[in-house]
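What you see is a predicted model, and the numbers here were worked out from it, not measured in a lab. Just so we're on the same page: letters track the sequence lines, and every chain starts at 1.
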Amino acid sequence: MKQKIKLGVLAIQGAFKEHIHHFEKIIEKEQYQDYEIEVVEISQADQLISCNALVIPGGESTSISITAERIGLLEPLRDFIRKGKPVWGTCAGLILLASKITNASAGQKLIGGLDIEVQRNAFGRQLNSFAIPKVDFSSFIPGCKDFQHAVFIRAPVVTAINIFNNTTDSFIKNNDNNDKYFNNQSVVYAPSYAYNFEEKKPQVEILSRLDESHKNLIVAVRQGQILGTAFHPELSKDSRFHQWFLEEFVLKL
Amino acid sequence: MSEVQNTFQLKAGLAQMLKGGVIMDVVNVEQALIAERAGACAVMALERVPSDIRKYGGVSRMSDPKFIEDIMNAVSIPVMAKCRIGHFVEAEILEALEVDYIDESEVLTPADKINHIAKNDFKIPFVCGARNLGEALRRINEGAAMIRTKGEAGTGDISEAVNHINIIKQDIEIALSLKTPSEIQEYANELRVPFKLLQDLIDNKGKLPVVNFAAGGIATPADAALCMQMGCDGVFVGSGIFKSANPEKIARAIVNSVTHYNDPKKILEYSKDLGESMQGITVDSLKNFEKLSTRGW
């Protein structure tokens, strides 16, 4: 009897088809004997409930969050995270999963879940977008010494980790709707209930940093079942990052 | 960890991030902020929307860079700006300004009646309009990293955008039906594109190497969903938003309907109570020289 797995890709706006394409390629290639894996686009709350795991793609984080809120998906997404299901956010997805962001735009909301601070558009505008042709991810993806093309497009970076896990700040711990207040300073927090302070959380692990020429900036993190990357594995031809997420997070349920 | 910049992958990659989104024409900071709050994935900064360009007549040029800069400073989503067809110095100015995308646009008065800009020479990515596969592939060959239908800008009449989407699709079907290299060569000659570009399209099962948005005449949530259902990756909306009675409401409704383009019940909901749409003019009432889509070669 095969175990049924439903992997959702958030399809509000952005490069969701690129993610789906990678997963379908891997599933076809690997033929996981014990699983029946379905990869689906998610744009409504009732579709999300039945998912075992979720990917939040690259796109425009403002657009995704504002639309998610308006179509009634923001709270279901927060519920999904609180249930501890595996979630991976790339670029805009990383921003949405952060607990605090800087350089936010007006009205932007966060889903929350990762105990990190993220700076939006950290490298500047499109002119400063870049790719690294070969990256060594072998410290967490076995054997992956030469990942092809890590693409950073108007990319964010992680500027602090484990900021809330040990906090005694009562404002952060108790405020359930602080996004409006902070908008004046281009800073937005996820509401504290999205983070769930009651529960003991694993620490945030840094998976990957850029080199010294990029100030060793943090570009991939993991906290338990939640993965965040500042770059776009969905724009690479290399499917190894997707395969790792699928096998390490989704199929190890 | 040596990095590369300004590659085609990065230029086309930003367009991929805009997919499933709405790019809105804005003529001032206030409109740009409304667009951002409504969920636009990018804004096109210009001094006059196409319907006003029609009304005012005269020569239409790149907007004042100060004006574009103000919009870039006001919003944190990508900002695009238009230059005239063939006017590579306007493009150089926009690149120096560091806009995120340049639209080499038929909406402005063309500067060169023979050549488009050599877009591969630029660091900033370009989007260009197309009415058929030949135009799309010629622009891609010149370096465009994103294509949009021309439609008929500033009319609020969707028929020309629909027409261009259909023609591109039909042209691709013809390409896919070709069997021998000589047939492909012949069609490449007809489209005035390199053999390799056409061969790549065929090898790729007819999928264009760049994102293709709909533009020109989109005025309602239903128009936007129509283009999405016909296979476009996203939409540009010009006069349709800020020439309507209730821009904020229609902007939100169009963003929603591009996300739920396949769900008639949702689009029904989004279409309700929007107030008056832009008045518009029918494409058929335009004389040929009044059609902006005929510009470009």
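We find the CG-NE2 distance between B/Leu10 and A/His149 to be 8.0 Å, quoted to the nearest 0.5 Å. With rounding to the nearest 0.5 Å, the separation of CZ in A/Phe123 from CD in B/Gln5 is 10.5 Å. Separation of atoms CG (B/Asp100) and CG (A/Leu127) is listed at 9.0 Å; rounding is to 0.5 Å.
For B/Tyr270, the part sitting under 4.5 Å from any heavy atom of chain A is the side chain, from C-beta outward, and nothing else. A/Ile153 touches chain B through its side chain: at least one heavy atom from C-beta onward sits under 4.5 Å away, while N, CA, C and O do not. Of the atoms belonging to B/Val211, not a single heavy atom falls under 4.5 Å from chain A. No part of A/Ala150 comes within reach of chain B, as not one of its non-hydrogen atoms sits under 4.5 angstrom from that chain.
Crowding of A/Lys25 atom NZ: a count of heavy atoms from other residues, nucleotides or ligands under 6.0 Å exceeding 12. Environment of CD in B/Gln229: crowded, with over 12 heavy atoms of neighbouring residues, nucleotides or ligands closer than 6.0 Å. Annotation for B/Lys196: atom NZ does not count as buried by contact number, only 12 or fewer foreign heavy atoms lying within 6.0 Å. By the neighbour-count criterion of 12 heavy atoms within 6.0 Å, atom CZ of B/Phe88 is sparsely surrounded, having that number or fewer from other residues, nucleotides or ligands.
Annotation: side chain of A/Ile71 is not in contact with side chain of B/Lys266 (no heavy-atom distance under 4.5 Å). Counting heavy atoms from C-beta on, the side chains of B/Met17 and A/His232 come closer than 4.5 Å. The shortest side-chain heavy-atom distance between B/Gln16 and A/Glu18 falls under the 4.5 Å cut-off. Between B/Val4 and A/Ile132 there is no side-chain heavy-atom pair separated by less than 4.5 Å. Here the side chains of B/Glu3 and A/His214 are in contact, with some heavy-atom distance below 4.5 Å. Under the 4.5 Å side-chain criterion, counting only non-hydrogen atoms from C-beta, A/Gln44 is in contact with B/Asp263. Contact of the B/His260 side chain with the A/Ser43 side chain is registered, since non-hydrogen atoms from C-beta on lie closer than 4.5 Å. Contact annotation: the side chain of B/Val255 approaches that of A/Arg70 to within less than 4.5 Å [non-hydrogen atoms, C-beta and beyond].
A pairwise comparison of heavy atoms in B/Glu36 and A/Ala106 identifies OE1-N, 4.4 Å as the closest pair. Smallest separation of non-hydrogen atoms from A/Arg125 and B/Ile77: NH2-O, 4.3 Å. Of all non-hydrogen atoms in A/Gln13 and B/Cys41, the two that sit nearest each other are NE2-CB, 3.7 Å.
Interface summary for chain A: among B/Thr7, B/Val258, B/Asp233, B/Asn256, the most heavy-atom pairs under 4.5 angstrom belong to B/Asn256. Between chain B and the options A/Glu41, A/Gln126, A/Glu69, the largest number of non-hydrogen pairs under 4.5 Å is found for A/Gln126. The greatest number of non-hydrogen atom pairs below 4.5 Å with chain B, out of A/Ala92, A/Ser61, A/Ser129, A/Ala15, is found for A/Ser129. For chain A, the option among B/Ala40, B/Gly39, B/Ala12, B/Pro125 with the highest count of heavy-atom pairs below 4.5 Å is B/Gly39.
The only option from A/Gln108, A/Arg120, A/Glu60 that meets the side-chain hydrogen bond (donor to acceptor under 3.5 Å, both in side chains) definition with B/Ser76 turns out to be A/Arg120.
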